[in-house]
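Step one of this worksheet: look at the structure below.
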2 protein chains.
Amino acid sequence: MIMLKKVMLKKMGTSTQRMNKSDLKLIAVLERTGGFASAQELHQILRREGDGIGLTTVYRALQSLVDDKIVDLLRREDGEAIYRLCGDTHHHHLVCKSCGDTVEIEGGAIEKWAKTMAEEFGFRDVGHTAEIFGICSKC
Amino acid sequence: MIMLKKVMLKKMGTSTQRMNKSDLKLIAVLERTGGFASAQELHQILRREGDGIGLTTVYRALQSLVDDKIVDLLRREDGEAIYRLCGDTHHHHLVCKSCGDTVEIEGGAIEKWAKTMAEEFGFRDVGHTAEIFGICSKC
DNA sequence: TTGGAAATGATAATCATTTCCATTTTTGTG
DNA sequence: CACAAAAATGGAAATGATTATCATTTCCAA
């Protein structure tokens with residue numbers, strides 16, 4: 001798994017902490033399933049496969065992966081958290097409120113806007129979040 | 001209240017149902033507070049003002065306003081539902097990660113970006129969120 | 001081997017949101 | 001005005017995701 005290696009390197013490089021077994025399991029499932037999945041769903045998948053991992057550990061691993069920017073956290077329409085492996089580039093999302101379909105989009109304008117605004121108000125060390133949601137053409 | 005009238009007409013026009021007292025109360029609070037608010041917060045505000053409205057009713061009224069597209073439903077980062085009047089020109093925030101100070105900023109570039117992206121991918125009925133985080137000059 | 005730190009997972013707690021249901025208010029009609 | 005039907009209301013309990021607690025287990029360096 002090329003992706004898995006890349007991800008591991010990324011984490012080892014940016015953090016002093018090692019990646020633990022649970023983190024790896026979660027990454028593997030997310031890779032395999034491809035799309036989004038909630039913590040509950042990921043837990044069920046692992047259980048179904050005979051893994052005795054606890055729900056608590058799933059939440060903890062996901063949280064740590066999100067902190068390390070290895071996994072993206074988004075929200076379903078009902079507010080439930082859903083997770084997905086990040087790509088390497090910083091991107092934003094266009095999410096369908098109805099079917100959950102997601103498109104990764106360019107955010108050049110946003111980067112510029114964030115930078116400009118931060119400068120104007122004397123902020124430093126800035127980051128930003130930006131998401132667009134609507135109804136996709138299929139729905 | 002010009003806005004209030006406009007909103008009422010909109011509702012009466014698109015629905016056979018009349019707008020009830022609770023709906024009006026919620027709209028009034030949302031107008032007054034201007035920004036976003038969660039159901040719990042709206043309930044507290046009304047209670048604080050001596051209104052004995054029940055939490056259930058607040059949720060019901062908000063749901064109905066959302067159905068009638070009078071109110072937008074968004075999500076906080078933690079998944080809690082937040083509501084705002086549709087058509088409000090909304091602003092974005094520049095938040096200091098250290099002291100919590102917040103500046104309301106213009107988001108013209110974002111609005112345009114969101115619209116462009118949505119069109120490009122065939123999405124309709126779109127909204128967006130965008131926040132900038134950083135360290136302010138005082139910190 | 002061993003001592004301590006990190007990881008784990010069952011259970012309980014938390015919190016927003018929904019569901020249920022009995023009561024109250026509103027509405028239309030004679 | 002009176003009255004029955006319909007709509008609205010709100011308290012309490014249920015639900016479901018997420019988080020906190022804590023005792024136990026695993027890992028690893030010395």
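Worth knowing before you read on, the calculation uses all heavy atoms, side chains too, and leaves out hydrogens, waters and symmetry mates.
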Could you encode protein contacts along nucleotides 12-25 of chain C as a string, one character per nucleotide from 5' to 3', using B for base contact, S for sugar-phosphate-only contact and - for no contact, with a heavy-atom cut-off of under 4.0 Å?
----SBBB------
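- For B:Asn20 and D:dA8, the CG to P distance is 6 Å, given to the nearest whole Å.
- Atom CD in A:Glu41 sits about 14 Å away from atom P in D:dG16, given to the nearest Å.
- In terms of modelled atom types and a separation under 3.5 Å, the side chain of A:Asp68 and the main chain of A:Ile70 share no donor-acceptor contact.
- Between the P atom of C:dT8 and the NE2 atom of A:His43 lies a distance of 13 Å, rounded to the nearest Å.
- Within the 4.0 Å cut-off from OP1 or OP2 of C:dG9, at least one side-chain nitrogen or oxygen of A:Thr57 is found.
- Between B:Asp78 and B:Val58, the residue whose closest nucleotide on DNA chain D is further toward the 5' end is B:Val58.
- Listed for the A:Asn20 side chain is a donor-acceptor partner under 3.5 Å among the backbone atoms of A:Ser22.
- For A:Arg124 (side chain) and B:Ser137 (main-chain N/O), no donor-acceptor pair under 3.5 Å exists by modelled atom type.
- One can place CG of A:Leu62 at 10 Å from P of D:dT19, the figure rounded to the nearest angstrom.
- Regarding A:Leu42, its CG atom lies at a distance of 14 Å from the C1' atom of D:dT18, rounded to whole Å.
- In this structure, B:Glu77 places its CD atom 15 Å from C1' of D:dT18, rounding to the nearest Å.
- Listed for the A:Arg47 side chain is a donor-acceptor partner under 3.5 Å among the backbone atoms of A:Ile53.
- Taking atom CZ of residue A:Arg76 and atom P of nucleotide D:dG16, one finds them 15 Å apart after rounding to whole Å.
- With B:Arg84 contributing its side chain and B:Leu30 its backbone, the two residues share no donor-acceptor pair below 3.5 Å.
- Between B:Arg32 and B:Glu49 there is a salt bridge, since at least one side-chain N of the basic residue sits less than 4.0 Å from a carboxylate O of the acidic one.
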